[in-house]
Amino acid sequence: MNKRGWIGFIILCLALMGCSKGETESASAADGISAGLLVTESGLGDDSFSDSAFQGLEQARDELGITFDYREPFEGDFEEDMEELIDQEHDVIIGLGYDSQASIDALAEKYPEQHYVLIDAVSEFENVTSITFKEDEGSYLIGLLAGMKTESNVVGFVGGEQIEVVERFETGFRDGVAEVNSEAEVLIEYAQTFDDDKRGADIVGSMVEKEADYIFHAAGFTGVGVMKEAQKQGIYAFGADSDQYYVAEDAVVSSMIKNLNVALYDVMAQLVEGESLEGGLKELGIEEEGVGLAPIRLIELTDEEQNRMDEEVAQ
């Protein structure tokens with residue numbers, strides 16, 4: 001088991017207060033409402049997307065009485081892992097990210113009576129509910145912060161793989177910077193992986209050489225390397241998906257939060273209340289409380305800057 005695998009295992013053990021996954025999380029129709037979760041290939045312990053999804057189901061378990069099981073597709077066996085969850089007869093199968101879409105589509109056709117939730121991608125199958133987030137709206141707020149506070153007029157964005165969802169992060173960030181600071185240069189680099197913290201650190205090093213003093217990532221576990229290296233280099237960083245301040249407490253000013261935990265909690269609440277999943281697409285932005293900002297730390301905003309941020313969030 002690799003390092004992140006051990007981290008995920010420890011998280012699970014703590015969450016279940018010493019009980020084994022097989023005893024506590026496995027579910028059948030007789031146990032009430034249950035879910036099967038396929039996290040990202042990076043697995044649990046990413047302080048980001050996978051952990052947020054897991055936390056949402058934990059909350060639903062504790063407050064609503066649902067049960068759930070999960071798989072970490074470290075070897076890329078998305079369809080095989082998901083089929084194991086289907087065999088457990090969960091009420092819903094949840095897949096995270098575009099990497100899981102091909103498997104969900106194949107299994108949605110193979111098992112048309114099974115309900116699925118697909119996060120960050122859109123399926124055409126009627127038994128799949130797709131949930132996407134307006135990442136550009138939240139990233140725009142991060143861009144405003146970077147544009148207002150940069151002293152070097154050079155900021156950076158580090159993406160994981162160059163896919164549509166990550167490009168929305170980039171677009172919002174660039175637009176926010178440009179809105180408040182037309183003189184700022186935005187450095188853009190894609191790591192082409194969500195799973196390499198060393199690669200993230202190397203990119204930060206190259207951006208610091210170009211005088212970047214604020215760097216925003218949308219890169220999963222690669223982004224952990226971004227934030228830690230920013231702290232090492234004495235510059236500021238922004239997290240993504242969840243509040244990542246605790247990854248690098250001397251560097252992370254704020255994070256663009258995607259409330260994936262809330263979205264999945266709401267899905268389970270819907271099932272607990274006896275409502276069926278109807279498929280289709282749900283898009284969640286600031287207005288729907290799908291995205292937002294974590295608390296702003298480490299820097300001080302002027303009254304004018306704070307008013308500007310408040311106005312943007314209220315729009």
Side-chain angles (χ1 to χ4, degrees), residues 8 11-40 44 48-72 81-97 100-101 103-104 107-108 111-123 125-133 241-243 257-285 287-292:
I11 289 173
L12 179 64
C13 289
L14 291 173
L16 301 181
M17 296 180 292
C19 295
S20 72
K21 179 182 69 177
E23 293 171 346
T24 303
E25 298 292 3
S26 296
S28 66
D31 295 326
I33 300 300
S34 67
L37 172 66
L38 186 72
V39 301
T40 67
L44 295 176
S48 185
F49 209 48
S50 293
D51 287 357
S52 180
F54 192 89
Q55 289 159 9
L57 293 184
E58 280 189 307
Q59 183 182 0
R61 180 199 63 197
D62 296 342
E63 297 181 6
L64 304 175
I66 68 107
T67 54
F68 71 96
D69 197 357
Y70 77 101
R71 293 292 184 273
E72 299 174 279
D81 290 341
M82 204 173 293
E83 193 140 17
E84 288 182 8
L85 294 170
I86 291 172
D87 288 343
Q88 294 177 349
E89 300 183 351
H90 294 290
D91 295 276
V92 62
I93 302 297
I94 302 163
L96 305 184
S100 67
Q101 180 175 1
S103 298
I104 281 188
L107 295 170
Y111 303 103
E113 300 303 315
Q114 174 71 62
H115 295 287
Y116 305 83
V117 169
L118 175 61
I119 303 296
D120 269 359
V122 180
S123 174
F125 285 86
E126 294 182 356
N127 53 335
V128 180
T129 298
S130 301
I131 300 176
T132 62
F133 297 84
D241 294 334
S242 61
D243 185 352
I257 294 178
K258 290 170 66 170
N259 290 319
L260 175 56
N261 56 331
V262 177
L264 292 187
Y265 179 91
D266 289 346
V267 166
M268 301 314 298
Q270 182 177 340
L271 293 174
V272 168
E273 291 167 5
E275 301 177 19
S276 61
L277 299 177
E278 298 179 353
L281 171 63
K282 295 181 179 181
E283 295 181 280
L284 307 177
E287 183 177 353
E288 298 81 14
E289 299 183 352
V291 299

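When reading the values below, keep in mind they use all heavy atoms of this one structure, side chains included, and skip hydrogens, waters and symmetry mates.
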Novice: Looking at Thr129, Val272, Leu277, which hits side chain to side chain contact (heavy atoms under 4.5 Å, CB included) with Val267?
Specialist: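 Of all the options given, the one that passes is Leu277.
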
Novice: What distance do Asp51 atom CG and Leu260 atom CG have between them, rounded to the nearest 0.5 Å?
Specialist: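 Reported to 0.5 Å precision, the distance equals 10.5 Å.
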
Novice: Would you check, one step at a time, whether the test side-chain contact (heavy atoms from CB on, under 4.5 Å) holds for Glu289 with Val262?
Specialist: CA-CA 9 Å; Glu289 299 183 352; Val262 177; over 6 Å; no

Novice: To the nearest 0.5 Å, tell me how far Ile86 CD1 sits from Gln114 CD.
Specialist: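 The CD atom of Gln114 is 5.5 Å from CD1 of Ile86, to the nearest 0.5 Å.
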
Novice: Compare every heavy atom of Leu284 with every heavy atom of Ala263, then report the nearest pair and how far apart it is.
Specialist: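 Heavy-atom minimum between the residues: CB-CD1, 4.0 Å.
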
Novice: Should Leu96 and Leu37 be marked as a side-chain contact (heavy atoms from CB on, under 4.5 Å) after you check the CA-CA gap, both sets of side-chain angles, and the distance that decides it?
Specialist: CA-CA 8 Å; Leu96 305 184; Leu37 172 66; 4.2 Å; yes

Novice: Is it true that, when you exclude Glu275 itself, more than 12 heavy atoms of the residues, nucleotides or ligands shown sit nearer than 6.0 Å to its CD?
Specialist: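 Atom CD in Glu275 is packed in, count exceeds 12.
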
Novice: Evaluate side-chain contact (heavy atoms from CB on, under 4.5 Å) for Lys258 paired with Asp120, printing each intermediate quantity in order.
Specialist: CA-CA 11 Å; Lys258 290 170 66 170; Asp120 269 359; 2.7 Å; yes

Novice: Quick check: closest heavy atoms across Val39 and Ser50, and the distance to 0.1 Å?
Specialist: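 Taking Val39 first and Ser50 second, the nearest heavy atoms are CB-OG, 3.4 Å.
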
Novice: Give a yes or no answer on whether the side chain of Asp91 reaches the backbone of Ser34 with a donor-acceptor pair at less than 3.5 Å.
Specialist: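 Yes: the side chain of Asp91 pairs with the backbone of Ser34.
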
Novice: Return the CE to CG distance between Met82 and Asp87, rounded to the nearest 0.5 Å.
Specialist: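 It comes to 12.5 Å.
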
Novice: Would you check if the side chain of Glu84 reaches a backbone N or O of Asp81 as a donor-acceptor pair within less than 3.5 Å?
Specialist: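 No; zero donor-acceptor contacts below 3.5 Å.
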
Novice: Are Thr132 and Val122 close enough that some pair of their side-chain heavy atoms sits under 4.5 Å apart?
Specialist: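 Yes, close enough: below the 4.5 Å cut-off.
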
Novice: Testing Glu63, Gln270, Gln59 one by one against Tyr265 for a side chain to side chain donor-acceptor pair (under 3.5 Å), which residue passes?
Specialist: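 The passing option is Glu63.
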
Novice: Taking all non-hydrogen atoms of both residues, which atom of Asn127 and which atom of Tyr111 are closest, and how far apart?
Specialist: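 Result for this residue pair: ND2-O, 3.5 Å.
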
Novice: Is a donor from one side chain sitting under 3.5 angstrom from an acceptor on the other, for Ser130 and Ser123?
Specialist: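 Ser130 vs Ser123: no donor-acceptor pair found between side chains.
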
Novice: Measure across Asp69 and Gln88 and return the closest heavy-atom pair with its distance rounded to 0.1 Å.
Specialist: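 That would be OD2-NE2, 2.9 Å.
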
Novice: Tell me whether Ser52 contacts the main-chain N or O of Phe49 through its side chain, where contact means a donor paired with an acceptor under 3.5 Å.
Specialist: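 No, Ser52 side chain to Phe49 backbone: no donor-acceptor pair under 3.5 Å.
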
Novice: For Leu264 and Ala53, work out which heavy atoms get closest and say how close.
Specialist: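 Closest heavy-atom pair between Leu264 and Ala53: CD1-CB, 3.7 Å.
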
Novice: Say you draw a straight line from CD1 of Ile131 to CD of Glu283; how long is it, rounded to the nearest 0.5 Å?
Specialist: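 That separation rounds to 11.5 Å.
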
Novice: Using the side chain to side chain contact (heavy atoms under 4.5 Å, CB included) definition, which of the options Leu118, Leu38, Leu57 pairs with Ile94?
Specialist: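 Exactly one option meets the side chain to side chain contact (heavy atoms under 4.5 Å, CB included) with Ile94, and it is Leu57.
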
Novice: Would you give the length of the straight line joining atom CZ of Arg71 to atom CG of Leu85, rounded to the nearest 0.5 angstrom?
Specialist: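 The distance works out to 5.0 Å.
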
Novice: So Val92 and Phe68, side-chain contact (heavy atoms from CB on, under 4.5 Å) or not? Walk me through it.
Specialist: CA-CA 10 Å; Val92 62; Phe68 71 96; over 6 Å; no

Novice: Any donor-acceptor pair under 3.5 Å linking the side chain of Tyr116 with the backbone of Phe125?
Specialist: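 Between the backbone of Phe125 and the side chain of Tyr116 there is no qualifying donor-acceptor contact (under 3.5 Å).
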
Novice: Between His90 and Gly36, which heavy-atom pair has the shortest distance, and what is it?
Specialist: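 Minimum heavy-atom separation between His90 and Gly36: CG-N, 3.6 Å.
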
